[in-house]
Structure formats: C-alpha cells, structure tokens
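Per chain, numbering begins at 1; letters A, B, ... match sequence-line order.
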Number of protein chains: 2
Amino acid sequence: MVVGSEPDNASESEDDRLDRAFAALADPIRRRMIARLSRGPASVTELAEPFRVSTQAVSKHIQVLEQAGLVTRTRDAQRRPVHLDAHALEELTAWIDTYRLIHEQQFRRLDGLLAALSTIPQEPNPRRRST
Amino acid sequence: MVVGSEPDNASESEDDRLDRAFAALADPIRRRMIARLSRGPASVTELAEPFRVSTQAVSKHIQVLEQAGLVTRTRDAQRRPVHLDAHALEELTAWIDTYRLIHEQQFRRLDGLLAALSTIPQEPNPRRRST
DNA sequence: CTCGTATTCAACCGAATGGTTGATCAAGGA
DNA sequence: TCCTTGATCAACCATTCGGTTGAATACGAG
C-alpha cells in the first residue's frame with residue numbers, strides 16, 4: 001500500500017484524493033462513522049456497535065476512510081483506535097466552495113448586466129456577441 | 001434504482017440525497033463538469049467536448065448529476081442545456097462543516113483539560129479505562 | 001503457555017458503476 | 001419532405017463495491 005499521510009507523495013494527484021474522499025463519504029455508514037469520530041477516537045468494535053454489519057465489514061469501511069485520508073489509526077494493545085483527520089474535510093469544502101462561489105459570482109454578473117441594460121437602454125454596446 | 005426524475009418523491013431521505021451527491025462528485029469527469037457549469041449552462045455536446053468519451057457516456061454522467069440534485073436541465077430546440085444548482089452544493093458543505101466544527105471544538109476542550117492538568121500536577125492517577 | 005479479545009486477511013457473491021456500440025427519437029434547416 | 005444534428009435508449013461487458021463467512025494474526029490476562 002503506497003498511501004502515506006505525507007504530502008510529498010508525487011504520484012498521488014489531487015483528483016485521486018478527491019475521488020477517494022468523496023467516494024468515502026458517499027456511504028451512510030461511513031458518514032455516521034465520521035460523525036462519531038468527530039466526537040473523538042474510537043476502536044473498530046466501538047465503531048461497529050451502532051450497525052448490524054460484521055466487524056470485518058466495518059474494518060473495510062475504515063480502510064476506505066483511511067485511504068481517503070479522512071482518518072488515521074494508532075495502536076493501543078489489541079485495539080486500533082481510529083482518529084478523524086479534519087484536514088481532508090477542509091479540502092473537500094474548499095473544492096466545493098470554489099465552484100459554489102464562481103457560480104454565485106456569475107449570477108451577480110448577470111444581475112449587473114440586466115440592471116445596466118434596464119437603466120441605460122441607450123448605451124451603445126461595443127462588445128462582440130456570439131449570436 | 002427506485003428514483004424517478006420527478007422531485008415529488010417524498011420517501012427520499014437526507015441520507016439518500018447525500019449518498020447521491022457525494023457519489024456524483026466522486027468522479028473526476030463529473031467534477032470537471034461541475035467546474036464547467038459553475039461558469040454557466042452548457043449543452044451535452046459542449047460538456048462532452050473536453051473528454052474523449054462518447055456523448056452517451058456524458059449523457060449518463062449528466063443523469064447522475066441530475067438525480068443527485070446538482071444540476072437541472074432545460075430545453076432549447078434539440079439541445080438540453082444543463083444548469084448548475086448550487087443549493088445541493090451548499091447542503092454538502094453544511095454536512096461536512098458540521099463535523100469539522102464539532103471536531104475542532106473537541107480539540108479545544110482537550111486543550112483546556114491538558115492546561116488544567118498541568119497546573120495541578122499532584123493529582124492522584126486512577127487506572128485508565130476505556131469508555 | 002494457553003485462552004480470549006480485537007482486528008485483519010482471503011475468498012466469494014450479487015449488485016452497481018462506467019464504459020462501449022447500435023438503434024431510435026426529436027427538432028430544425030436545406 | 002429529406003437530411004443532419006443533438007440527445008437518449010438498450011443491451012452488453014469488465015471492474016468495483018459492500019457484504020458475507022472462515023481462517024489467521026496480534027496482544028494481554030491468567
């Protein structure tokens with residue numbers, strides 16, 4: 001497994017990380033795990049308790065979250081506590097907000113254009129039009 | 001897939017919507033489409049142009065985005081322009097930020113605890129127990 | 001050392017995903 | 001009208017995904 005938590009991994013693209021992170025959150029069990037982990041670390045069996053799936057299935061879910069960079073694991077005797085890594089979550093909101101804001105800005109630009117057209121109907125418009 | 005194209009589906013849970021929205025963003029082609037659409041609406045062929053996949057594949061991607069509530073479609077002659085719906089994006093950032101902030105708050109609480117412990121260093125040390 | 005607990009590995013299964021090609025439908029433009 | 005363009009439908013294929021059961025590993029307590 002080539003995945004590390006360090007950002008010096010040149011073979012891992014931003015796209016790959018976003019792929020894995022969004023896919024990891026596209027499952028209700030994994031989202032509930034994230035919700036649980038936001039309150040603090042938990043072991044595999046603790047994370048499995050609210051669900052009626054096997055601990056093996058939960059273990060797989062944790063691996064998905066880990067490869068998405070959303071959680072890390074430590075060691076405590078036989079237990080492998082899982083910790084939320086909020087940094088990956090920030091990356092996701094950053095991506096979404098980028099395009100949310102661009103879209104918002106486009107609307108404002110359109111509003112401005114419409115306002116200008118209605119208040120200055122006589123102004124000549126030297127800009128090219130594609131139609 | 002039980003879902004129809006109609007938005008009157010009252011049996012659609014928040015979980016279902018988040019499932020579809022996160023899953024829709026877990027694909028680089030669909031993310032690039034969202035990025036494109038943040039600049040304004042586009043037809044299927046326009047959206048297909050940057051990629052070397054068939055327009056049928058792009059049409060499927062658009063259906064995925066539509067069922068996730070991320071885009072809507074209108075009609076313009078033979079074309080079916082696709083429009084970004086930023087509201088679904090807001091829902092995603094809202095979900096993520098909820099747990100990001102809870103996690104942040106937990107850290108602050110821990111900081112306070114550690115500070116208190118260091119100022120009272122002679123406190124007796126009972127055996128640790130989990131949960 | 002042996003036993004019990006916590007976790008992972010391995011193999012397997014059914015369903016969903018992302019892609020293809022070929023056919024079909026809808027709407028203009030000549 | 002006929003033809004072209006834009007898009008979807010349908011069937012198919014390989015891969016991935018989420019789940020299972022059964023075996024194996026790691027660690028601590030007796």
Task: Listed partners of Ala88(B) passing side-chain contact (heavy atoms from CB on, under 4.5 Å), at least two apart - done: Leu70(B)
Open item on the list: If the condition is side-chain contact (heavy atoms from CB on, under 4.5 Å), which residues does Gln63(B) pass it with, not counting sequence neighbours?
Closed with: Ser59(B), Arg73(B)
Could you check how far [atom1] of [X] sits from [atom2] of [N], rounded to whole Å?
X	N	atom1	atom2	result
Gln67(A)	dG18(D)	CD	P	12 Å
Ile62(A)	dC9(C)	CD1	C1'	15 Å
Asp16(B)	dA16(C)	CG	P	13 Å
Asp19(A)	dG18(C)	CG	C1'	13 Å
Glu49(B)	dT5(D)	CD	C1'	17 Å
Phe22(A)	dT17(C)	CZ	P	18 Å
Arg20(A)	dT16(D)	CZ	P	13 Å
Arg79(A)	dC27(D)	CZ	P	13 Å

Open item on the list: Taking ring pair (Phe, Tyr, Trp, His ring centres under 6.0 Å) as the definition, give me every residue that meets it alongside His61(B), ordered by chain and number, with sequence neighbours left out.
Closed with: none
TODO: Apply ring pair (Phe, Tyr, Trp, His ring centres under 6.0 Å) to Phe51(B) and list each qualifying residue two or more places apart in sequence or on a separate chain.
DONE: none
Throw together a table of side-chain donor-acceptor distances under 3.5 angstrom for residues 39-47 of chain B, partners on residues two or more places apart or in other chains.
unit_1	atom_1	unit_2	atom_2	d
Arg39(B)	NH1	Ala35(B)	O	3.3
Ser43(B)	OG	Thr45(B)	OG1	3.2
Ser43(B)	OG	Glu46(B)	N	3.2
Glu46(B)	OE1	Ser43(B)	N	2.8

Mind checking salt bridge (charged side-chain N to carboxylate O under 4.0 Å, His left out) for [X] and listing every partner two or more places apart, or none if nothing turns up?
X	answer
Asp19(A)	Arg31(B)
Arg79(B)	Asp76(B)
Glu104(A)	Arg108(A)
Arg100(A)	Asp97(A)

Open item on the list: If we ignore hydrogens and angles and just use 3.5 Å, is the side chain of Arg75(A) paired with the main-chain N or O of Ala77(A) as donor and acceptor?
Closed with: yes
Open item on the list: Determine whether a donor-acceptor pair (N or O, by modelled atom type, separation under 3.5 Å) exists between the side chain of Arg30(B) and the backbone of Ala24(B).
Closed with: yes
Task: Proximity to the side chain of Val44(A) - top-ranked nucleotide from dG6(D), dC9(D), dT7(C) - done: dT7(C)
Task: DNA chain C-proximal residues of residues 26-35 of chain B, any heavy atom under 4.0 Å - done: Asp27(B), Ile29(B), Arg30(B)
Task: Contacting residues from residues 54-61 of chain B, given that a heavy atom lies under 4.0 angstrom of DNA chain C - done: Ser54(B), Gln56(B), Ala57(B), Lys60(B), His61(B)
For nucleotides 26-30 of chain C, give me every protein contact, N/O to N/O, under 3.5 Å, one pair per line with atom names.
unit_1	atom_1	unit_2	atom_2	d
dA27(C)	OP1	Arg75(B)	NH1	3.1
dA27(C)	N3	Gln78(B)	NE2	3.3
dG28(C)	O4'	Gln78(B)	NE2	3.4

Open item on the list: OP1 or OP2 of dT7(C) versus the side-chain N and O atoms of Thr45(A): is any pair under 4.0 Å?
Closed with: yes
